[in-house]
Amino acid sequence: MTAYPKTAALMARGAEFLGSRYAILCGAMSWVSERNLVSAISNAGGFGVIACGAMSPELLDAEIAATRALTDRPFGVNLITMHPQLFDLIEVTKRHRVSHVVLAGGIPPKGSVEAIKEFGAKVLVFAPTIALAKKLFRSGADALVIEGSEAGGHIGPVSTGVLAQEFLPELAEDHIVFVAGGIGRGEAMASYLEMGAAGVQLGTRFAAAAESIAHPAFKKAFFRANARDAIASVQVDPRLPVIPVRALKNKGTEEFTAKQIEVAHALDAGTLDMAAAQLEIEHFWAGALRRAVIDGDVERGSVMAGQSVGLVTEELPVATIISNLMGECETALAGRGRIG
Ligand SMILES: Cc1cc2nc3c(=O)[nH]c(=O)nc-3n(C[C@H](O)[C@H](O)[C@H](O)COP(=O)(O)O)c2cc1C
């Protein structure tokens, strides 16, 4: 018996796919999604995902082992496709028999999906267009995450509401599709589940949870912020391959603009090529996010947060956040069809 029968019915495919009680993923967040948060999410019935980010294979190895020691529930590992040691990282997930690998940050390079599937793990991918999503499913991807521009971190240009209308009618019947970006309450979950989503992915809501190791100043910045404080970075020079990042507006946001101008000048002077320029920008983000999450420098660090940050007003245990989401979703679904 479940306290959430309508929600559970709509989540059944997603929960079966993930091996979790609820089809609620906590999206990988660099520096935040480590052993404590990931195990707490999975122990509470959701699905935690370790953010590998720029970790070395040795560090990832230790993080997976430490997470396993804290939970016997399934969890995933998020790998960034442009990591120079991607295939070594895949080997680490294979050694640990990780059940789900999420490939993020670009089109998976040749052989990567196959290498993961070869040891029996399921592969989750992101795709900005339906054509690319179909191609990835054809080449073996098991599930898709669509993520709208309301989300925290690196974002695309299209809102979750529009992506859901584009992708779900076309793909959700035959494929597992999770919806991410801007989800802060269960009522929003209910709508996407009714549209055919197999489940949802949240980040911002969980980043300030009690079990998150984020610095108290980082969490406090979340509790104070409104939706309109979480802004997308601007691209200063159209040549620069800058993927916009949504974060709370602060001095760090301005420093990023200055960094882009510096990199653009280096491109003009020929001291950097385009690939090196992109790497400089990504290193800037990784360093700035660490400064905010770990050191608590919320003025100059990057406080990545989605627009749902306005709904995050207090530090709650993961289990409470999940039961609130499930309860809100169930109430919304139970109220359907009632007029007046
Ligand atoms: C602080 C922060 C860091 C993030 N880092 C990553 C990351 O390293 N890799 C990734 O694939 N997504 C990352 N994301 C995106 C989340 O995994 C998730 O998809 C997103 O937060 C969902 O939207 P929401 O913030 O509106 O809930 C990050 C998000 C936040 C808020």
Side-chain angles (χ1 to χ4, degrees), residues 24-34 37-38 41 46-55 60 63 76-83 89 100-106 108 124-128 144-156 159-161 163-164 178-186 188-189 192 197 199-209 212-215 218-219 221-222 225 227 229-233 243-248 252 282-283 285-294 298 301-312 321-322 325:
I24 300 178
L25 295 110
C26 173
M29 295 176 276
S30 293
W31 301 110
V32 181
S33 296
E34 49 68 80
L37 183 62
V38 173
I41 297 276
F47 189 85
V49 181
I50 294 175
C52 175
M55 275 184 204
L60 179 64
E63 206 51 49
V77 172
N78 175 302
L79 303 176
I80 308 288
T81 52
M82 60 192 156
H83 194 298
L89 296 168
H100 298 73
V101 177
V102 185
L103 291 175
L124 290 83
V125 294
F126 291 84
L144 173 74
V145 183
I146 54 172
E147 185 179 52
S149 56
E150 299 95 318
H154 290 77
I155 51 170
S159 71
T160 308
L163 288 179
F178 297 100
V179 174
I183 300 173
R185 289 184 53 99
M189 277 171 38
Y192 294 129
V200 292
Q201 169 164 309
L202 287 76
T204 298
R205 199 86 183 85
F206 290 120
S212 156
I213 58 145
H215 194 281
F218 184 90
K219 295 185 184 179
F222 268 48
D229 299 324
I231 57 164
S233 60
I243 302 164
V245 165
R246 188 175 298 286
L248 298 184
E282 289 310 317
H283 281 158
W285 283 123
L289 180 60
R290 185 186 193 287
R291 209 185 301 159
V293 173
I294 306 296
V298 295
S302 174
V303 189
M304 290 186 190
Q307 293 179 333
S308 66
V309 73
L311 299 165
V312 184
I321 298 173
I322 291 182
L325 290 167

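Indexing begins at 1, ligand by ligand and atom by atom, following the structure's order.
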Does [X] reach the main-chain N or O of [Y] with its side chain, forming a donor-acceptor pair under 3.5 Å?
X	Y	answer
Thr81	Pro108	no
Arg246	Gly306	no
Ser308	Gly184	no
Ser159	Ser149	no
His83	Met55	yes

Per-atom contacts, ligand 1 versus [X] - under 4.0 Å to a heavy atom:
X	answer
Gly27	17 (O)
Gly181	22 (C), 23 (O), 26 (O)
Gln201	17 (O), 18 (C), 19 (O)
Leu202	27 (O)

Which is closest to atom 15 (C) of ligand 1 in terms of heavy atoms, Ala151, Ser149, Gly152?
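Of the listed residues, Gly152 has the closest heavy atom.
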Would you indicate which of Gly105, Cys26, Ala28 comes nearest to atom 16 (C) of ligand 1 when only heavy atoms are counted?
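The nearest heavy atom belongs to Ala28.
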Between Glu63 and Val38, does the side-chain contact (heavy atoms from CB on, under 4.5 Å) criterion hold? Intermediate values first, please.
CA-CA 10 Å; Glu63 206 51 49; Val38 173; over 6 Å; no
What is the distance from atom CD1 of Ile213 to atom NZ of Lys219, rounded to the nearest 0.5 Å?
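If I round to the nearest 0.5 Å, the distance is 9.0 Å.
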Is any N or O atom of Arg205, backbone or side chain, closer than 3.5 Å to an N or O atom of ligand 1?
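No; the residue has no nitrogen or oxygen that sits under 3.5 Å from a nitrogen or oxygen of the ligand.
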N or O contact, Gly203 vs ligand 1, cut-off under 3.5 Å:
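Indeed, backbone or side chain, Gly203 has an N or O that close.
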Any idea which protein heavy atom is nearest [atom], and the distance to it?
atom	result
atom 8 (O) of ligand 1	Ser30 OG, 2.6 Å
atom 3 (C) of ligand 1	Met29 CB, 3.5 Å
atom 18 (C) of ligand 1	Glu147 OE2, 3.3 Å
atom 31 (C) of ligand 1	Met304 O, 3.5 Å
atom 25 (O) of ligand 1	Thr204 OG1, 2.5 Å

Give a yes/no verdict on whether any heavy atom in Gly182 is under 4.0 Å from an atom of ligand 1.
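The answer is yes: ligand 1 sits under 4.0 Å from a heavy atom of Gly182.
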Heavy-atom pairs closer than 4.0 Å: do any link ligand 1 to the side chain of Ala104, the backbone, both, or neither?
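The part of Ala104 near ligand 1 is the side chain, not the backbone.
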Taking 4.0 Å as the limit for heavy-atom contacts, which would you say applies to Asn78 with ligand 1: side chain only, backbone only, both, or neither?
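For Asn78, only side-chain atoms sit under 4.0 Å from ligand 1.
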Determine whether Val309 and Leu248 make a side-chain contact, defined as any pair of heavy atoms from C-beta on separated by less than 4.5 Å.
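Yes, at least one pair of side-chain atoms sits under 4.5 Å.
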Can you give me the closest heavy-atom contact between Ala292 and Ser302, atom names plus distance?
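Looking at all heavy atoms of both residues, the shortest contact is CB-O, 3.4 Å.
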For Glu150, all residues meeting salt bridge (charged side-chain N to carboxylate O under 4.0 Å, His left out), sequence neighbours excluded
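Per chain and number, Glu150 pairs via salt bridge (charged side-chain N to carboxylate O under 4.0 Å, His left out) with no residue.
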